[in-house]
Amino acid sequence: MSKRTLYTIIAALIVVGIYVYEAYLKQEEQLEIVNKGAQAKTLTNEFFLPTSTTNQLVHHEGYSLSYSEAHEQAEWVAYELKKTQLSYNDFDRPYFEIDQAVKTGAASWKNYKNSGYDRGHLCPAADRRYSQKAYDETFLTSNISPQKHDFNSGIWNTLEQKVRYWAKKYDGVFVVTGGVLKGTMKTIGNEHVSVPNQFYKIVFDYNNGTPKVIAFLLPHKNSKEPLHNFVVSVDFLEDLTGIDFFSELDDAIENEIEASDSYRNWRF
DNA sequence: CTGGGACGC
DNA sequence: GCGTCCCAG
C-alpha cells in the first residue's frame with residue numbers, strides 16, 4: 001500500500017469519526033431534553049394540568065405548556081406560583097431562545113422583530129424570579145405570544161400583579177394562561193405567528209380552605225375598566241377554547257368551581 | 001413591572 | 001450574536 005493511499009484512508013476515517021461523534025453528541029443532547037422533561041413532569045402537580053388539544057405537551061421545570069404548531073405559540077401555559085417563590089431578585093433579562101423541547105419546532109423570536117408587537121410572556125418572568133434558571137426559562141419562545149404593548153404593559157400587567165398578590169395572600173395559586181387561538185387572527189413573521197384577539201387567565205386557590213377559582217377573559221386591547229368586569233366562568237372558557245382545564249380534579253369540585261363566575265371570594 | 005430599538009464589536 | 005445604553009406605557 002502506498003503512503004498516499006494510507007493517508008487517504010486515515011483522512012477518511014477522521015472525517016467519519018467526527019461525523020459519528022457529532023451524531024452521538026446530538027443524541028445525548030436529545031436524551032438530556034427528554035430526561036429533563038420527565039423530571040419536570042414528576043415535579044409538576046399533574047392533576048391540574050389542562051388537556052392538550054394539539055397533543056403536544058412540554059414540561060419545563062418552571063412551567064408546562066401545550067404547543068400549537070398551527071399558531072406557533074402555546075395554547076396554554078400552566079404553573080404553580082408558591083408564596084415562597086415570590087422574590088425580589090433582579091436578574092438581567094436574557095435573550096429569547098427557541099424552545100428545543102417543542103418537537104415540531106417552536107417559533108423564532110425573529111417573527112416578532114419590528115412586528116409592532118411585544119413578545120408577551122405567558123408565564124411572567126416576574127413569577128419565576130426564585131432562581132436565574134427559572135427566570136431564564138421564561139424567555140423560551142414557547143412561552144410568548146404577540147401582544148400589543150399598551151395591553152401588555154397595561155391591564156395584562158395589572159392582572160399579572162394581581163396574581164402575585166393572590167399568591168402571597170392565599171399562600172400559593174395555580175395559574176393557567178394563554179391566548180384564545182380561535183377565529184380569524186392576524187399573523188406576524190415568516191412563520192405566521194397568530195395574534196390572539198383575546199387572552200385568558202385562570203387562577204386556582206387550592207390550599208386555602210375550600211378550593212376556589214377565578215377566570216378572566218380579556219379582549220386584546222388595553223382597558224381602564226376594573227379587572228372584575230372581565231371575570232367569566234371556567235365553563236365559558238372551555239366552550240370558547242375547547243380545552244378541558246381541570247379534568248383531573250375531583251368531579252364534584254370541578255363542576256362547582258367551573259360553573260361559577262362569581263368573584264366574591266377573591267379580594268381585589 | 002411590561003417591553004422596545006440603536007449602535008458597536 | 002452579544003453587550004451597552006437609552007426609551008416608553
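Quick caveat: nothing in here was measured; it's all calculated off a predicted structure. Chain identifiers are assigned alphabetically (A, B, ...) following the order of the sequence lines, protein sequences preceding nucleic acid strands; residue numbering begins at 1 within each chain.
Other residues sharing a hydrophobic cluster with A:Tyr130 under the 4.5 Å side-chain heavy-atom criterion for ILVMFWY residues do not exist; the residue is a singleton. Residue A:Ile98 is found outside any hydrophobic cluster, as its side-chain heavy atoms come under 4.5 Å of no other Ile, Leu, Val, Met, Phe, Trp or Tyr.
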Return all side-chain donor-acceptor pairs below 3.5 angstrom for residues 179-190 of chain A, not counting sequence neighbours, or 'none' if the list is empty.
none

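At a threshold of 4.0 Å, the pair A:Lys133-A:Glu61 counts as salt-bridged, since one of the basic side-chain nitrogens sits closer than that to a carboxylate oxygen.
Partners of A:Glu254 by side chain to side chain donor-acceptor pair (under 3.5 Å), not counting sequence neighbours: none found. For A:Arg164, the salt bridge (charged side-chain N to carboxylate O under 4.0 Å, His left out) partners two or more places apart in sequence, or in a different chain, are A:Asp127. Applying the side chain to side chain donor-acceptor pair (under 3.5 Å) rule to A:Glu256 yields no partners; only residues at least two apart in sequence or on another chain are considered. Partners of A:Arg264 according to the side chain to side chain donor-acceptor pair (under 3.5 Å) rule, which considers only residues two or more places apart in sequence or in another chain, are A:Ser262.
For DNA chain C, the outermost nucleotides in 5' to 3' order that have an atom under 4.0 Å from a heavy atom of chain A are C:dG1 to C:dG9.
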Annotated protein contacts, base or backbone, on nucleotides 2-9 of chain B with a non-hydrogen cut-off under 4.0 Å, one of B, S, - each: BSSS----
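Rounded to whole angstrom, the span from the CG atom of A:Asn222 across to the C1' atom of B:dC1 amounts to 14 Å.
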